[in-house]
Amino acid sequence: SGQNLCVVVFCKTLPIATMPDVLDLCDQVPIACHAWNGNRTQIALSPNSTEVNIYEKVGSSFELKHVLKGHGQRVRGVDWAPKSNQIVTCGDDRNAYVWTKQDDGTWKPMLVLLRIN
């Protein structure tokens with residue numbers, strides 16, 4: 001039917017008989033990239049756009065908590081450092097950002113200067 005289907009499974013070490021929690025994104029475009037936080041309670045993903053969405057596990061579902069905006073073109077890579085809790089993103093705009101969570105809960109980007117010879 002031309003509809004895109006995207007489902008991200010919340011993976012933890014689970015007994016085989018336990019069903020994993022699922023983040024269902026059927027109404028969105030395919031996911032370009034994703035990364036879990038250190039304890040796998042949050043996931044950062046780019047829905048094939050210039051933004052990175054951060055979802056958090058709340059009860060038995062996931063809720064969109066933050067949208068990271070800064071890239072001028074599609075985000076192609078994301079990683080989440082488990083110890084520092086920083087997120088790094090890179091995009092088609094040839095920029096990379098390191099995102100640091102502030103005391104007020106917002107994410108602040110820092111542009112990384114990339115040197116290409």
Side-chain angles (χ1 to χ4, degrees):
S1 66
Q3 182 181 8
N4 294 317
L5 175 65
C6 297
V7 178
V8 176
V9 178
F10 180 73
C11 297
K12 265 190 158 180
T13 305
L14 299 171
I16 292 176
T18 304
M19 290 296 295
D21 297 320
V22 175
L23 170 58
D24 187 349
L25 300 170
C26 293
D27 295 334
Q28 295 190 24
V29 297
I31 297 168
C33 51
H34 75 280
W36 292 98
N37 71 340
N39 63 7
R40 295 187 179 268
T41 57
Q42 295 181 328
I43 186 170
L45 60 87
S46 178
N48 206 30
S49 73
T50 61
E51 300 176 346
V52 174
N53 298 336
I54 299 178
Y55 290 88
E56 182 175 7
K57 178 97 168 66
V58 178
S60 62
S61 64
F62 288 86
E63 293 180 6
L64 179 63
K65 293 295 185 176
H66 304 279
V67 178
L68 308 183
K69 298 179 181 182
H71 285 281
Q73 294 182 20
R74 185 181 359 228
V75 174
R76 293 294 188 163
V78 62
D79 200 3
W80 201 326
K83 293 183 181 175
S84 69
N85 197 39
Q86 292 178 305
I87 296 172
V88 64
T89 60
C90 59
D92 284 345
D93 56 5
R94 299 179 75 176
N95 287 330
Y97 291 95
V98 174
W99 301 82
T100 304
K101 193 167 188 180
Q102 305 300 296
D103 292 337
D104 65 0
T106 61
W107 289 87
K108 180 180 178 183
M110 180 176 59
L111 179 65
V112 177
L113 297 178
L114 302 175
R115 184 174 174 179
I116 300 173
N117 292 331

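Taking CG from Leu45 and CH2 from Trp36, the interatomic distance works out to 9.0 Å, rounded to the nearest 0.5 Å. Here the CG-SG distance, from Asn95 to Cys90, works out to 10.0 Å after rounding to the nearest 0.5 Å. Interatomic distance, OG1 of Thr41 versus OH of Tyr55, reported as 15.5 Å (0.5 Å rounding). The distance from atom NE2 of His66 to atom CG of Asn53, rounded to the nearest 0.5 Å, is 11.5 Å.
The two atoms that bring Pro82 and Gly38 nearest to each other are CB-CA, 3.7 Å, heavy atoms only. Smallest separation of non-hydrogen atoms from Val75 and Ser46: CB-OG, 3.5 Å. Contact record, Pro30 with Asn48: O-CB, 3.2 Å, taken as the closest heavy-atom pair.
A heavy-atom distance below 4.5 Å is not found between the side chains of Val88 and Trp80.
Ring-plane geometry between Trp99 and Tyr97 is classed as tilted, the angle between the planes lying from 30 to 60 degrees on a 0 to 90 degree scale.
Listed by first and then second residue, the salt bridge (Lys or Arg N to Asp or Glu O under 4.0 Å) pairs involving residues 42-56 are Glu51-Lys69 (not counting sequence neighbours). Listed by first then second residue, pairs satisfying salt bridge (Lys or Arg N to Asp or Glu O under 4.0 Å) with a partner in residues 79-95 read Arg74-Asp92, Arg76-Asp92, not counting sequence neighbours.
Of the residues Val98, Asn37, Ile54, the one that meets the side-chain contact (heavy atoms from CB on, under 4.5 Å) test with Ile87 is Ile54.
Linking Ile, Leu, Val, Met, Phe, Trp and Tyr residues whenever their side-chain heavy atoms come within less than 4.5 Å leaves Ile43 and Val58 in two separate clusters.
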Would you be so kind as to tabulate the donor-acceptor pairs closer than 3.5 Å made by side chains of residues 103-110, with sequence neighbours excluded?
from, atom 1, to, atom 2, distance (Å)
Asp104, OD1, Thr106, N, 3.0
Asp104, OD1, Thr106, OG1, 2.7

